[in-house]
Every structure is written in structure tokens, then in C-alpha cells.
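Chain A is the first sequence line, chain B the second, and so forth, proteins listed ahead of strands; every chain is numbered from 1.
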Amino acid sequence: MLDRLDQRLRQLIKEKNWSKLTNIQEMSFEPISNGHNTLIIAPTGYGKTEAALLPILNKMLKEDVKPVTVIYITPLKALINDLLYRIEWWSSRLGFLVNRKHGEVPQKEKNLRLKRIPHIMVTTPEGLEIDLDWASRFREHYKNVRWVIVDEIHELINSKRGTQLAILLERLKNFIGYDFQRIGLSATVNDEKKVAKFLFGSSERKMSIIRLNDSRNFEIRIHKIDHNVPSLWKNAADKINQLIERPTLVFTNSRFSTERLHEELEKLGNKEIYVHHSSVSRDLKNLAEGELRSGNAKAVVCTKTLELGIHVGDIKKVIMLRPPTSVASFLQRLGRSGHLVHGVPKGEIICFYDFDVLEAFALYLSAKNGEIEKPFIDDGLDVVARELVGMILQNQKVGIEEAYNVIHGAFVYRNLEFSKFMELVNYLAKNNIIKIEDDSLKLGQGFFKIWRFNRDIKSGWGKDFSEFFSLINNDETFTLKYNGVTVGEIDAVYVYKHVRSNDVIRISGKFWKVVRINTNKNTIDVTPANEGEGEIPIWKGENTSKSSLMVEYIKKIMRDINEYYLLMNEIMDKNSKESIMKLISEYGKRGLDMPTENVILVENKEDEWIYTVLIDEKVSNTLSHILLYLVTKKYTLNASSRSSIYGFSVKGTPTDLLKEIINMDESKIKKIILKSILRSPVYVATLKEILPSFGKISKVNQSEDKFLIREALRQTIKRYFSIRKTLEFIRKVKEGKIKIVYTENAGPLTEAILAHAQIRPWLFDLNISIYHSLKGGAYTVSELSEILGVSAKSLENKLKQLRRTNGKYKVMSFVDVDSRENRWCLYEDFIEIVKSEEYYSSFAPLNNNEIFVADFKSGDNEVEVLFKPIDLINNPEEILRKIPFSAIEEVKIREAIDTSYQFVQKYYHVGKDVIVYLLLNAVAYLQSLKYS
DNA sequence: GACCTGCTGCGGTTTG
């Protein structure tokens, strides 16, 4: 191939001291030179960038090209910076200009590109979005583009960023009017044809896939440490300390673990060890990366931040603290070591729990078999909506037909029907973010309500316009405040799902008790607390969503454990092997069937039911949501459930609700599934995420926003639930193909289920919940607090608020004379309660002839009325006549002779229709105090 | 419900 390169390029290769090109570079030359759309698949560090670049530069030297000739898209800012120097090395020597664009590039450098138009533009998907939508002058130069390179596609394809980019490429093609050549660079993927189609979209060029697949070539060792000890983290650090070979990357699954392990490693006297995760400042991250590259670092403890493509130098070994949650992630982490010296990637997995060993082994087997998760392409209509507005920004208006054709050209939306597209367009027009004029779309006034253009105004309504270009959703957070001072931050979804009043939260090494959750301001008022009061770690536990591919391999291991005996000796330490053998033999010992996909072990402890079964996490999640829905409907709102690949559980029910589900007909189950998802925290989060793209600012309305609700529901189900597989699961149970076994002790995997955080129902409308809980009865605040799972303090505030209202939700309180407690009930129920046997004594004075005084107040009006209980019974009309207003804000009752005001009973916000009974209640109560 | 990623263009005016 070298002989086909331009002399000037050959000279540069000599200058680089390259004796030959890498395999992948050799293989890519032909198809790229022939103008094919090309997908190049190889691990990081095999020179994929040059594989794409060399044939293009070769063409650029031979043909007459005008800037901008090449757009190079990559998902990370740090990668752009790396690439700029790498590409510039070649291009500057060949007389081509390069420019980069991302949010942190200084304005000066950005401005330069209009004065000296670059041949190669390096940017992010968001950068391209800005250029097409907004950069009115520079955009014109894109008309000369002949090649687009997309780097790290495997990172983009699973998210809305990838979908956004797919549409942007179609928009670019439409804008240029030329079918430019598309080149993709990717790590190992499951479905390479799909990835290729995703990238190539409507392009009519021939396509080629170039692959260098040696991902099965790696060495791994699995270790298990004792987790049932307070020194867990020290044990982990000790183990890791022995295994480190300078330089090592230690991957964890959470920011918390990263910090915690780093602390212990430092205690062991290690100095050249650094931490790297998203909450570490940019400077410290740069330091860690630099020390890694220079070889000064002994190890860096990190999260997924270092899993991505940033060049980190020659890594000797990779250690994973607890197994990652997917094969893809496992391979990416592993691939960070070894390849540069053409050695074999080397990795160690440190396990805490028995099921960690199962998972680690499953990852190993799957990777060795060359199996990896399928890409999950997001086809959200919010992305289409955002791009439609982008197209309008670009040209002030866009033809409906043209817009549809561009969107439809993207592989993701190849099945989007015109009628569905028009539904979207009409909904956007209804929200006034766009307007329809003849056959075209223009910007609507609503656009300026969603997007804020004034850089100086930081607060107020709307989102900053800079966010328009990005589909990455900044997680909504709650700020923790103590006496108005911020003490920390928590993810909103976590709050919706797990945090309730009176819970204790740990943040920044301290414990805080939740006093009030304010969903309008996204704040949580807290007070300091002690550890003993219970704890919810804000780092969300390590309750990850695990790949179904891993579940398949776990089933295999549990079923055919004997086949793996030798292999286990080879790749595991003694502890790991023993723990896995013990876990599996435990079932036989107890005379239990193995919990596979065909056996559910059911264990019941008081009101909690635990169902152990190896299962797709989406099915597990669906089932746990149905169960939660049923418990809240039948028994209590103070319920919770859990879900995992090892099964699911529900708390708050005296009966086995799974049995009940199995006896329902399918259409009813379907209905319940939908209802339970509509109540789920993940649905709330999805709805909030897509609102701005649809131009929605006011409250979502059941009938007006059907389109939006349907879309949010569709996206939520696609991401987190599976209706089809759940129904299939239930059907199999019905048909006896899945066996249910009831047992006192369902064995070791229940631990894995209970390790997951509880899902709790989010009370969308506390008024409704209070109404349903109170209906037909009278409860004390603490009883009601127990029923609803809401703190007594916030509940009392809410009740006092409801007392002031009118209508269905109006409440009131009276004294239960027997227990001397205040009881709350619905206003509409009060007369019934008065007449009930249960509260008879509360409205029956002991002495009907004593004289009492009642002070009625309403606004500025006040009136004092003297009465005897006997009058209330015999002639209530007379008393009522003495009150000159119908709505009583406050009434104070005391014995006429008691001028010390020592015993006073008060009621607030009541009508004249119930006042006679309340006066009787007050008298009965005051007399009971006096005579006792 | 773990982790991660990105984020105004252009042109005119002012200032040391």
C-alpha cells in the first residue's frame, strides 16, 4: 500500500520511523480510496485515526479540494485536544489547516477559523449542531466537505447523542447537496452491520467493514475477599496493593468506591496513586492522566472516565474492583492494558460477594465466546423535535416534506411514517414552539419561552440557550439544606425513588435527617442526625442495571457447574472457587431446586416476599412495579419493592401477590403494568427530560398532552421495562413451565436481591393519597403518617393546609375524648363519624347544664356566644342564629367560669353545618379533663 | 438508577 501513497506522505511516514503500517491501516486503504463508506473496528491504540486519515490526505494531495474538506467528530473534549496535535502533525507538513471546536476552546482560537478556513475541522456532535443551526457564516464553508469521520461510534450509538448525530449527518448531506463519504471508527461491537447502517444512513455509496478482532485474547484472574468484616475496604486495598504493577488502572463502579479505596491504598503508604472520576476537578484529572502517561503513577483508581478513548500511555495491568455490569464495559476496561507493547491485555477482578464471582465468571465466558451486548439505539421523538427546530434556525424556515425526508433518511427513523411525523409537527405547533405556514415550518414564540438568550440572567424560567445544542440531560438534582445552608446534592430520581421524610441520609461523611422535601424548589430540608437512626447512602449503592447477556451466562454456570471445574482452577483463586461451589451446592443441601429461569423460590418474612429467579432485569423491574402497585392499592402506601437479575421482592403485603397476578387475565395485567409504569419514578424522570424538546412549559395535561405522555411512556418502557417478556414469563408460570417453590429459606441469592435499593411509590398527589387513606375513618397524624409513609411533621402541615380549602379534599379534626388524641377526617365524612358508635363518647358531654363560652372569629368579625350543652341538643338553631357568618376561621371554647383560660379547645376553618357537633366535642373533652 | 459525555456566532465597540 505504501507505494500507492503520495511521495510527501511516504516521506512523513519515514520521519515517523514507521517501518510499516499497522494491519488495520493497510486494510482500510483500499475501500476508503475507492470512496466506500467504511466502518473500521479495532481496539484503541491500533492507529485507527491514521487508518482513516492517510487515504484521505492522499486524495486531498492529488485532487483539488477546498476547505472545509473533512469533519472529524469525536465524543469527548479531551479527545479533540489529543487529536488536534496528532492530526496537525501530518496536515501542517502537507499544507492543510486544522481547527478544533468545543466548549472550552478559547474564543480567540474559535474566531480564527473564519479568517483562515481549516481543511480539517475537529469537533463534537454538539459542535456540528451549533455550526449547522447557528454559525451562519462558517456554515457556508461546510458546502465543500467531502469526508466525515466519526470516532468512537460505539460510545455514541447507545445514546441520544448518537441519534442526534445521525440526523445531523443527513442534514449536512441535504445542505451540501453532495453524498460525502462517511468513515466510522469503533471498538468491538455486537452488530457491526447495524452500526454501519446507523452511520451511513441515506448515503448511496458502497459500504465496507474492516475488522481487527482480537478481543478474545486476554488473561484474567478472579479473586474473592472476605466481605463479612468491618475491614472490608482494608482487605480490598491489601489485595489490590499486592497485585499492582506500575502503572495499573483500578476501575470501580462508583465514585464512592473510588474515593474509599484510594483512601485505604494511601494508608498502606502508597504515594503515587491518584483518583479520577467526574467529580474530581479538571486540574486533578489532568494531573492523574499526565502522571499515567509519563509513567510516574503507580496506579490510578477510576470510574468509567478512563474507560473512554483518552490516551493514557502504556498500562501494565487493569484491576476491576467488583465486576463491571456488561461485557462491553469489561472488554473496554481490559483493553486499556497490554496492546501497545503488543502484549496480551491482563486483568484482575476483585469480588466482594459470592454473586460477584458468578458475574465475573459470566463476563469472562461471554467475552471468550466473542459475545457482547447488542447496541441499544435511541429513537426518541424528542430528538426529531429538537432537530426540526434546528433546521428552522438554520434557514428561518423549512419545508415539511423536506424535513421529513431528511429525518427519514437516518437509519434510526427509516420506519417513521409521515402521519406519525405530522402528529409530532402538529403537537409542536400546538405548543407554539414552531408554527405551520402553508407547506413550511417556522419558529414559534414558544421557542423563546423555553430557551433563554440573555447570558446575564442566570435564574428564572427557561433553559440557557447553550443547552439547546446538547441532548445530554443534566440530571435534575435536589439540594440538601440545613437552616438554609447547602450541605450537599442528590440526584432527583434517587429522591423520587428512595428518599422520604424522616429518612436519614449520609453525605460528605455526615448523617442528615430529612425534614421536608420541596419538589417545586428541588430542595430537601435536613437536620443533623445520628448513625443509629438508619442510613441511606447517597452514592446509590452499587445497584447497577446488569446486562441480560450476563444473566444468560450465569444461568449456564449454575446449571453446568461441573463442566467448568478445570477452567475455574485456572482463572480463580481458592476463595472464589469455593464461594461459587458453596453457593450452588447450598440449594441441593436444603433440598431445594436451583433457582434458574424455570424455578422461582419464594420466601416470606412477615410482610415481605422475596422471589428468587434468574431473570432479565427488565422483566424483574416490570414485575416488581406491578407488585408495588398492587400493594399500594390493596394494603398500604408505605410499601416498597426491589428488582435485580436474581429476582425481585415486595414489602407491605400479608398475601402472595404474585399468585394473584398469575390468576388475572392478560388484558388486566397489561392495564396494571401501564398504570404501575405511569407511577414509576423513571417515567417521571423521562417526562421531565423530554419536555423542553417538545416546547412544553406549563403543566402536563392528561388530555391535551396525550402525544407527549405516550412518547414518554414509550421511551420509559423501552429503556427499563419489558411488557412482552413479562407476559411471557407469567404465561409460563400459568402453564407450569416455570415452577413456584415456597420455602422458609430461599438460599444465598436472596442476599443479592435484598442488597438492591428499595423502590418506593412516588405520591404524585399527596391530596389524593390523603383522601383515600382518610375516607370513611378518623386517624391521628401518627397513624396517617404510618399509612402514607410521610413524616408526621410534613403531614400535619399538609392537613392544616387542606383544612383551609373547600371541596372534596377538605379535612377537619376533632378530639377523641377516650384517648385524648386529635383525630383527622374528611369534612364530608364528619357527620357519619359523629353518629358512629366508635366515637359516641366524644360528642356526649358528661354534664349538659354547665355554661360555656364560644368565641367565633371570621376576618375582623368576632362574636362571643354563651351556651349550655343542653341547648345544643334541644335547640341548635338558636345558637346558629347567633353566629353572623357562615365560614368560621377560628372558634375557642372554654367553661364560662374558667377565666384563667387554662382549658381552651380550638377549631379552625369550619362551617356552621358542623359547628354544633364541634361544640359538643369541645364540651365533652373539657369536662373529661375536669372530672378525671 | 451505577457510571460518563457537552454547552451561542458574529461583528462592532471599548480599553490599556
Side-chain angles (χ1 to χ4, degrees), chain A residues 73-80 101-105 107 110-111 113-115 123-140 152 155-156 158-162 164-165 251-258 276-280 285 302-310 321-326 328-329 332-333 393-394 451-455 463-476 490-498 537-547 617 621 642-644 680-686 716 719-720 756-759:
Chain A
I73 310 275
T74 186
L76 301 183
K77 288 185 285 194
L79 279 176
I80 291 177
K101 176 198 169 70
H102 63 67
E104 284 167 28
V105 174
Q107 198 57 50
K110 278 190 200 166
N111 293 343
R113 67 177 188 165
L114 271 176
K115 297 197 179 76
T123 188
T124 56
E126 290 77 9
L128 182 59
E129 178 84 58
I130 293 165
D131 286 349
L132 283 185
D133 297 352
W134 198 242
S136 52
R137 274 196 62 196
F138 189 76
R139 184 200 296 147
E140 288 306 310
E152 312 271 352
E155 266 310 312
L156 290 169
N158 291 310
S159 70
K160 287 189 175 169
R161 285 184 89 189
Q164 174 187 22
L165 178 60
F251 285 100
T252 73
N253 296 330
S254 72
R255 283 172 285 186
F256 167 78
S257 307
T258 304
H276 197 286
H277 59 70
S278 68
S279 302
V280 172
K285 272 192 275 196
C302 60
T303 55
K304 209 187 153 184
T305 37
L306 286 181
E307 196 178 301
L308 308 176
I310 307 159
L321 182 80
R322 304 198 56 199
T325 51
S326 70
S329 176
Q332 279 284 115
R333 289 179 184 194
L393 286 177
Q394 181 180 338
W451 304 104
R452 203 172 48 230
F453 281 76
N454 193 337
R455 285 187 173 112
K463 290 170 78 122
D464 193 289
F465 179 53
S466 63
E467 289 181 52
F468 173 80
F469 305 107
S470 170
L471 281 159
I472 296 174
N473 197 37
N474 258 347
D475 283 341
E476 181 195 345
I490 310 182
D491 269 16
V493 177
Y494 185 78
V495 175
Y496 294 141
K497 205 154 179 175
H498 306 299
I538 65 109
W539 48 86
K540 311 180 186 187
E542 298 199 24
N543 306 329
T544 58
S545 157
K546 286 163 189 165
S547 92
E617 194 154 285
N621 199 31
R642 303 176 206 258
S643 79
S644 82
S680 72
V682 283
Y683 167 75
V684 184
T686 308
T716 310
R719 262 184 259 171
Y720 310 104
H756 279 68
Q758 297 177 6
I759 306 164

If I take atom [atom1] in residue [X] and atom [atom2] in nucleotide [N], what distance separates them, rounded to the nearest angstrom?
| X | N | atom1 | atom2 | answer |
| --- | --- | --- | --- | --- |
| A/E129 | B/dG9 | CD | P | 12 Å |
| A/E155 | B/dG6 | CD | P | 11 Å |
| A/H102 | B/dT5 | NE2 | P | 13 Å |
| A/K304 | B/dG6 | NZ | C1' | 14 Å |
| A/N158 | B/dC4 | CG | P | 17 Å |
| A/N111 | B/dT13 | CG | C1' | 15 Å |
| A/L79 | B/dT5 | CG | C1' | 11 Å |
| A/L471 | B/dG6 | CG | C1' | 10 Å |

Between [options], which nucleotide gets closest to the side-chain atoms of [X]?
| X | options | result |
| --- | --- | --- |
| A/H277 | B/dC4, B/dG9, B/dG6 | B/dC4 |
| A/I130 | B/dC4, B/dC7, B/dG1 | B/dC7 |
| A/E126 | B/dT8, B/dC7, B/dC4 | B/dC7 |
| A/F465 | B/dT5, B/dT8, B/dC7 | B/dT8 |
| A/K285 | B/dC7, B/dC4, B/dT5 | B/dT5 |
| A/S466 | B/dG6, B/dG1, B/dC7 | B/dC7 |
| A/Y720 | B/dT5, B/dT8, B/dG1 | B/dG1 |

Give [X] one of three labels, base, sugar-phosphate or nothing, depending on what nucleic acid heavy atoms sit under 4.0 Å from its own.
| X | answer |
| --- | --- |
| A/E467 | base |
| A/I472 | base |
| A/K101 | sugar-phosphate |
| A/L114 | sugar-phosphate |
| A/F138 | sugar-phosphate |

Mapping A/Q107 and A/T303 onto DNA chain B by nearest heavy atom, which one lands closer to the 5' end?
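Counting from the 5' end, the first nearest nucleotide belongs to A/T303.
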With nearest nucleotide decided by heavy atoms, which residue, A/D131 or A/K77, maps closer to the 5′ end of DNA chain B?
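Nearest nucleotide further toward 5': that of A/K77.
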Would you say B/dC7 has OP1 or OP2 under 4.0 Å from some side-chain N or O of A/T124?
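A/T124 to B/dC7 OP1/OP2: side-chain N or O found under 4.0 Å.
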Below 4.0 angstrom from OP1 or OP2 of B/dG11, is there any side-chain N or O of A/R137?
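Checking A/R137 against B/dG11: at least one side-chain N or O falls below 4.0 Å of OP1 or OP2.
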A/N621-A/E617 side chain donor-acceptor pair, cut-off 3.5 Å
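No - no donor-acceptor pair under 3.5 Å links their side chains.
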Between A/S329 and A/S326, is there a side-chain donor-acceptor contact under 3.5 Å, judged purely by atom types and distance?
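Side chains of A/S326 and A/S329: no pair found under 3.5 Å.
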Any donor and acceptor pair, going by atom type alone, linking the side chain of [X] with main-chain N or O of [Y] inside 3.5 Å?
| X | Y | result |
| --- | --- | --- |
| A/T305 | A/H276 | yes |
| A/N253 | A/P323 | yes |
| A/T123 | A/K101 | yes |

Please name the residue in the list A/R137, A/R113, A/R139 that meets the salt bridge (Lys or Arg N to Asp or Glu O under 4.0 Å) test with A/D131.
A/R113
